[in-house]
Amino acid sequence: FQLCYGFGKPCILQKEFSKGTAFTRDNSLFYDEDAQMFDALYRAISMSPIEYEKMQVRLISDAKTLYDTSLENMKKLIDG
């Protein structure tokens, strides 16, 4: 997941693995069952450049929010 966050590349993943991450339907492509993975890949391949850019911008923003939250949590732990 760190590579997706760091490079701003939307992720294609099974929905159940998105829990606790910054991945949402606005910044990534999800599928429920393994058999639906093909459909998610097809959506990624046929996505317009504008749609892809919107997902990238949203992912970068969401990853920054996750980073900021994590940093604040670390500060709280260190400061006690």
Side-chain angles (χ1 to χ4, degrees):
F1 295 153
Q2 294 301 319
L3 291 173
C4 293
Y5 295 145
F7 291 109
K9 300 297 180 187
C11 193
I12 301 171
L13 72 158
Q14 199 164 19
K15 193 165 122 181
E16 73 178 83
F17 294 111
S18 68
K19 294 176 181 133
T21 70
F23 298 121
T24 66
R25 292 203 179 276
D26 294 327
N27 66 30
S28 295
L29 297 170
F30 297 110
Y31 58 94
D32 291 312
E33 303 295 325
D34 289 342
Q36 297 170 330
M37 185 178 184
F38 173 83
D39 295 331
L41 291 171
Y42 184 79
R43 285 194 320 265
I45 292 167
S46 55
M47 182 182 298
S48 75
I50 292 170
E51 288 176 289
Y52 183 75
E53 184 178 3
K54 284 180 185 177
M55 288 184 104
Q56 281 187 299
V57 168
R58 185 62 190 253
L59 179 60
I60 290 167
S61 173
D62 292 345
K64 173 79 169 102
T65 300
L66 179 64
Y67 173 83
D68 292 342
T69 301
S70 297
L71 186 60
E72 283 302 313
N73 289 340
M74 290 296 289
K75 286 179 182 178
K76 288 176 186 176
L77 285 172
I78 292 171
D79 293 340

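Note that the coordinates shown come from a computational prediction; the quantities given were computed from them, not determined experimentally.
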Starting from [Y], can I reach [X] by hopping between I/L/V/M/F/W/Y residues whose side chains sit under 4.5 Å apart?
X   : Y   : result
M55 : I12 : yes
M47 : M37 : yes
L59 : V57 : no

Under 3.5 Å, is there a donor-acceptor pair between the side chain of Y5 and the main chain of L66?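 Such a contact is absent between Y5 side chain and L66 backbone.
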
Say whether, by atom type as modelled, one donor and one acceptor occur between the side chain of T69 and the main chain of T65 under 3.5 angstrom.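 Such a contact is found between T69 side chain and T65 backbone.
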
Can you see which heavy atom on [X] is nearest to which on [Y], and at what distance?
X   : Y   : answer
K9  : Q56 : NZ-NE2, 3.5 Å
N27 : A22 : ND2-O, 2.9 Å
S28 : C11 : CB-O, 3.1 Å

Do other residues, nucleotides or ligands put more than 12 heavy atoms under 6.0 Å from the [atom1] atom of [X]?
X   : atom1 : value
E53 : CD    : no
L77 : CG    : yes
Y52 : OH    : yes

Within the 6.0 Å centroid threshold, strictly below: F17 and Y31: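 For F17 and Y31, the ring centres are not under 6.0 Å apart.
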
Partner set under ring-ring contact (aromatic ring centres under 6.0 Å, His included) for F30, not counting sequence neighbours: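 In terms of ring-ring contact (aromatic ring centres under 6.0 Å, His included), with neighbours along the sequence ignored, F30 is linked to no residue.
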
With a cutoff of under 4.5 Å between side-chain heavy atoms, which Ile, Leu, Val, Met, Phe, Trp and Tyr residues group with L71?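 So far as hydrophobic clustering goes, L71 is joined with Y67.
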
Salt bridge (Lys or Arg N to Asp or Glu O under 4.0 Å) involving [X] - partner list, sequence neighbours excluded:
X   : result
D68 : K64
K15 : D32
K75 : E72
D26 : R58

If you round to the nearest 0.5 Å, how far is NZ of K54 from OG of S48?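 Answer rounded to 0.5 Å: 7.5 Å.
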
